[in-house]
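Heads up, the thing below is written out as structure tokens.
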Amino acid sequence: MNPRRRHPQLIQIPHSLMQAFFAHLTRLLPLLLSLIGVVPNAIAALNPATLAKLADPSFTVKAEAIGELANSGDPAASAILNALLEGLLFVRKEDQQLVTAAAAADPLITRELSASAPLPARPKSDFKKISINNTLRGAIRLALARLGLASADAAQRIRAATALTENPDEATQSLLKSALARETDAGVRERLNTALALGELSAPSPDTQLAAIAGLRNSLLGEVRNRLGQLGAEDNTVVDPRVRRAAADAAREIDRKRATYQKLETVFFGLSLGFVLVLAAAGLAITFGVMGVINMAHGELMMVGAYTTYVVQLLMPAQLEYSMAVAIPAAFVVAALIGIAIERGVVRFLYGRPLETLLATFGISLLLQQLARSLFSPLNRNVQSPLWMSGQWVVNDALSLTINRVYIIAFSLCVFIGLQALLRYTALGLQIRAVAQNRAMARALGVRSGLVDALTFGLGSGVAGLAGVALSQLTNVGPNL
């Protein structure tokens, strides 16, 4: 065969395959454009006719628009409805365009629905506020809850279901049933069932009410307890006696459970503060155990650690999330250095005279308090918690633990374990224990008791400074801390 005649053959693509490819490309093009930012905002995808109805003077037309926004399922509709509910949705008179305002001020700083950047401020007279009545406010809240039930975030769906418990009418019940039919998350389903049962408490049939009460006996929601308490009140002669007795019994059972969780929360709060006091007591016990000195300025050394935390946050306001990582060693060092200065300057001359050391350290405590007033004023100072220490850990509807207290307990345990390790497994710890047990024998074996005293006092003072860091997350910082 002649090699000159070996030409590559062209691949023949069927015409039907090409049509299918371009059809899929056409459907994917809007998505691709939105991903790369060509579509500026999801609000632009809403029906312009629906948005135009919001500016209509008729409340009936506005109600239609609110319903259409709720049925759209578009998360962007929530922003519009929230602005309408808060009185921050306006019509620009010159072109009849809808805009939202950040605050009802004059001049208005507005932004268009399809843009994220604010527009230049203009007089309020250039806009017309979209007014609503109480009926529309209820419709907006229902629409926001409906959009919340359609959210991809389970927590948002739980909040929406909880909000719907405040208005258990027929429309709400229908909405909850449709949401329950498509819900797969166990926590959201539980909240939806609770909301449905609350609505059924108003049913005309006593049997339906009894079934709803049975389903609410294990709920810890405050709204559930209030509704059952009203239904089971002794003077409530409107309801069936069986329903009244069952509601009162369920309310008492919920009260018992909530009281138990309230006690657990109180114990947790006490433990978090108790762990701070453990740190303070550990530092005080070190100085008293080794040197026999009752340091009346120990509380002021905690104050020094708290003020160090405050100063660190002042020095690094843009790095608040990392301020605690700097404040912890800084508070330990500052408090330890002040403790060493107190020991070297005053306490070492008064060994063997406990009453005089007590009076001397009490005078030092007054000096430290006055120094704090002179440097920071007598006013209390607030130490902010980083975001990773903020918020609550919600165990259930009756028990929530603040995150900062959880971190304080863990931090106190770590410091206490580290202190135990230092005293048991280091040369300094061995010398501290030797001086505490028999000072004369330790000195005879070459231990420099004066240095050990200074380091021990500094160690106890540094631990007090760490306790001050923890305490600054529970209360304000002041000279009388």
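Counting heavy atoms of neighbouring residues, nucleotides and ligands inside a 6.0 Å radius, atom CD of E190 does not exceed 12 of them. Crowding of L264 atom CG: a count of heavy atoms from other residues, nucleotides or ligands under 6.0 Å exceeding 12. Few gaps surround NZ on K93; more than 12 heavy atoms of other groups in view lie less than 6.0 Å from it. Heavy atoms from other residues, nucleotides or ligands lying under 6.0 Å from CZ of F362 number 12 at most.
Considering L89, L108, V91 in turn, L108 is the only one that fulfils the side chain to side chain contact (heavy atoms under 4.5 Å, CB included) rule with F127.
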Inset, instruction - Report the C-alpha distance between L419 and L459 in whole Å, list the side-chain angles of each, state the deciding distance to 0.1 Å, and finish with yes or no for side chain to side chain contact (heavy atoms under 4.5 Å, CB included). - result: CA-CA 9 Å; L419 187 60; L459 177 62; 4.0 Å; yes
Inset, instruction - Would you please test V243 and L210 for side chain to side chain contact (heavy atoms under 4.5 Å, CB included) and show each step? - result: CA-CA 6 Å; V243 174; L210 289 172; 4.1 Å; yes
Legend entry - Test side chain to side chain contact (heavy atoms under 4.5 Å, CB included) applied to R227 and S202, step by step: CA-CA 10 Å; R227 291 288 304 281; S202 304; 3.3 Å; yes
Inset, instruction - Would you check, one step at a time, whether the test salt bridge (charged side-chain N to carboxylate O under 4.0 Å, His left out) holds for R122 with E94? - result: CA-CA 12 Å; R122 295 179 58 176; E94 62 184 25; 3.1 Å; yes
Legend entry - L201 vs L228, side chain to side chain contact (heavy atoms under 4.5 Å, CB included): CA-CA, chis, key distance, verdict: CA-CA 9 Å; L201 290 178; L228 290 176; 4.3 Å; yes
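Under the 4.5 Å side-chain criterion, counting only non-hydrogen atoms from C-beta, L176 is not in contact with N193. Using a 4.5 Å heavy-atom cutoff, the side chains of E300 and Q369 are in contact. In this structure, L51 and I80 have side chains that are in contact, with non-hydrogen atoms separated by less than 4.5 Å. Using a 4.5 Å heavy-atom threshold, the side chains of N218 and K257 count as touching. When side chains are defined from C-beta on, N382 does not count as touching Y310, because their heavy atoms never get closer than 4.5 Å. Side-chain contact check for V99 versus R111: every heavy-atom pair is 4.5 Å or farther apart. At least one side-chain heavy atom of T402 sits less than 4.5 Å from a side-chain heavy atom of R405. Side-chain contact check for Q313 versus Q384: some heavy-atom pair is nearer than 4.5 Å.
The pair R217-E253 counts as a salt bridge, with a side-chain nitrogen and a carboxylate oxygen less than 4.0 angstrom apart.
The heavy-atom pair separating T194 from S219 by the smallest distance is CG2-OG, 4.0 Å. Of all heavy-atom pairs spanning P206 and P204, the tightest one is CD-O, 3.5 Å. Nearest heavy atom pair, residue A195 against residue Q173, reads O-OE1, 3.7 Å. Taking every heavy atom of both residues into account, L119 and R92 meet most closely at CD1-NH1, 3.5 Å. The two atoms that bring A139 and I66 nearest to each other are O-CG2, 3.9 Å, heavy atoms only. When all heavy atoms of A179 and L149 are compared, the pair lying nearest together is CB-CD1, 3.9 Å.
One finds the OG1 atom of T309 at 15.0 Å from the CZ atom of R381 (value rounded to the nearest 0.5 Å). Summarising the geometry, atom CZ belonging to F416 is positioned 9.0 Å from atom CG belonging to L413; distances are rounded to the nearest 0.5 Å. Atom-to-atom distance recorded for L216:CG and L221:CG is 9.0 Å, nearest 0.5 angstrom. Note that CH2 of W393 and CG of L401 are 6.0 Å apart. Values are rounded to the nearest 0.5 Å. Put simply, CG on N295 and OG on S365 are 9.0 Å apart, with the number rounded to the nearest 0.5 Å. Taking OG1 from T110 and CG from L88, the interatomic distance works out to 11.5 Å, rounded to the nearest 0.5 Å.
Taking the six-membered ring where tryptophan is involved, the planes of F376 and Y307 are essentially parallel, since the angle between them stays under 30° and well short of 60°.
For Q392 (side chain) and V394 (main-chain N/O), no donor-acceptor pair under 3.5 Å exists by modelled atom type. In this structure, K263 contributes its side chain and R258 its backbone to no donor-acceptor pair below 3.5 Å. Counting only distance, with no hydrogens or angles, the side chain of H298 and the backbone of A464 share no donor-acceptor pair below 3.5 Å.
With sequence neighbours left out, the side chain to side chain donor-acceptor pair (under 3.5 Å) criterion links R191 to T162, D397. The ring-ring contact (aromatic ring centres under 6.0 Å, His included) check on Y407 picks up W388, with sequence neighbours excluded. Not counting sequence neighbours, the partners of D255 by the side chain to side chain donor-acceptor pair (under 3.5 Å) test are R225.
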Please list every donor-acceptor pair under 3.5 Å in which a side-chain atom of residues 470-481 meets a protein atom from a residue at least two apart or in another chain.
from : atom 1 : to   : atom 2 : distance (Å)
S472 : OG     : V469 : O      : 2.6
Q473 : OE1    : S385 : OG     : 2.6
N480 : OD1    : R373 : NH2    : 3.0

What donor-acceptor contacts under 3.5 angstrom involve side-chain atoms of residues 316-338, with partners at least two apart or in another chain?
from : atom 1 : to   : atom 2 : distance (Å)
E321 : OE1    : L387 : N      : 3.1
E321 : OE2    : L387 : N      : 3.0
S323 : OG     : L320 : O      : 2.8

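Listed by first and then second residue, the salt bridge (charged side-chain N to carboxylate O under 4.0 Å, His left out) pairs that reach into residues 52-64 are K53-E64, K53-E68, sequence neighbours excluded.
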